[in-house]
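Okay, so here's the structure we're looking at.
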Amino acid sequence: RPTKVQALAEYLCAETDLPVLWPQQALREAAQSRQVYYKYDTHWNEAGAYLAASELLRMLGQPAVPFGQAVFEADVAARAPADLANVSGAWALCVDDVYYTAELPRGVCTLAEGGGNITRWQGGGEGGLLLIRDSFGEALAPFLTADFAWGLALHGSALPPGALLDELDALPAFPEVVVLEVAERFS
């Protein structure tokens, strides 16, 4: 039986002309040679986020360094997030995870409001991108907005509908690309 997100993706593919990206298999394949999720956090790390972003950018016809050519290096000064460790109260024991980073094109965050639930981005291209996201989209936004003139990322499940509509009304123009990012945790 499909999960809710799988059912949504299947419906959109079968009943609409909307392009749908489902990077689960690509993430599983990449995980064979590199870490794409944090050890003690349910979110993807920078490598996992970039894999999803590069697949989406390729699908949109936007430039992106191919995932296999991106070089991710450990940042020993940064501490990887640990939401699972925090929930279990074991954060002091979970210190062996590595935070990875890469020199890749990124948009610049020009405004963050509401604890990061509303972020505005500036990139080096033309047009706009609207990202309606969940917590996984926070890591996607810098990569997705790199080649757009502007971007707006809204945490869809953390903002009340009125706030979402207010932000959409304030857009400088209708975005050329709208991304609805919905992630689901798998075991």
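Heavy atoms only: backbone and side chains are in, while hydrogens, waters and symmetry mates are out.
Minimum heavy-atom separation, A183 to V5: O-CG2, 4.3 Å. Smallest separation of non-hydrogen atoms from G116 and R133: O-NH2, 2.9 Å. Pairing each heavy atom of Y100 with each of N45, the nearest pair is CD1-ND2, 4.0 Å. Of all heavy-atom pairs spanning E176 and G128, the tightest one is OE1-N, 2.6 Å. Shown here for K39 and D97, the closest heavy-atom pair between the two residues is N-OD2, 2.7 Å. Summarising the geometry of A102 relative to E46, their closest heavy-atom pair is N-OE2, 3.0 Å, with the distance given to 0.1 Å.
A donor-acceptor pair under 3.5 Å links the side-chain atoms of T110 to the main chain of R120, judged by distance alone.
Side-chain contact check for Y50 versus V65: some heavy-atom pair is nearer than 4.5 Å. At a threshold of 4.5 Å between non-hydrogen side-chain atoms, the residues S157 and H155 count as touching. Between S54 and F143, every side-chain heavy-atom pair lies at or beyond the 4.5 Å cut-off. Residues W121 and L144 have side chains not in contact (no heavy-atom distance under 4.5 Å, counting atoms from C-beta outward). Here the side chains of Q35 and F72 are not in contact, with every heavy-atom distance at 4.5 Å or above.
Between Y37 and W44, the ring-plane angle classifies as tilted under the 30° and 60° cut-offs.
Note that CD of E167 and OG1 of T119 are 10.0 Å apart. Values are rounded to the nearest 0.5 Å. Distance check: L164 CG to D169 CG gives 11.0 Å after rounding to the nearest 0.5 Å. Note: L129 CG to L140 CG = 10.0 Å, rounded to the nearest 0.5 Å. For the atom pair CG (L154) and CG (L168), the distance works out to 6.0 Å, reported to the nearest 0.5 Å. To the nearest 0.5 Å, the span separating CG on L131 from CZ on F148 amounts to 11.0 Å.
With hydrophobic clusters built from ILVMFWY side chains whose heavy atoms lie under 4.5 angstrom apart, L130 does not share a cluster with V20. The hydrophobic clustering, which links ILVMFWY residues whose side-chain heavy atoms are closer than 4.5 Å, places L12 and F136 apart. Cluster annotation: V177 and V108 are assigned to distinct hydrophobic clusters (Ile/Leu/Val/Met/Phe/Trp/Tyr, side-chain heavy-atom contacts under 4.5 Å, transitive). Hydrophobic clustering (side-chain heavy atoms under 4.5 Å, transitive across Ile, Leu, Val, Met, Phe, Trp, Tyr) keeps L18 apart from L21. Hydrophobic clustering, with ILVMFWY side chains joined whenever heavy atoms are under 4.5 angstrom apart, groups W22 together with V178.
At most 12 heavy atoms of other shown residues, nucleotides or ligands fall within 6.0 angstrom of atom CD in E138.
Cation-pi geometry between R34 and F67 is met: under 6.0 angstrom from the ring centre, within 45 degrees of the axis.
Under the side-chain contact (heavy atoms from CB on, under 4.5 Å) test applied with I132, the options L152, L159, L180 reduce to a single match, L180.
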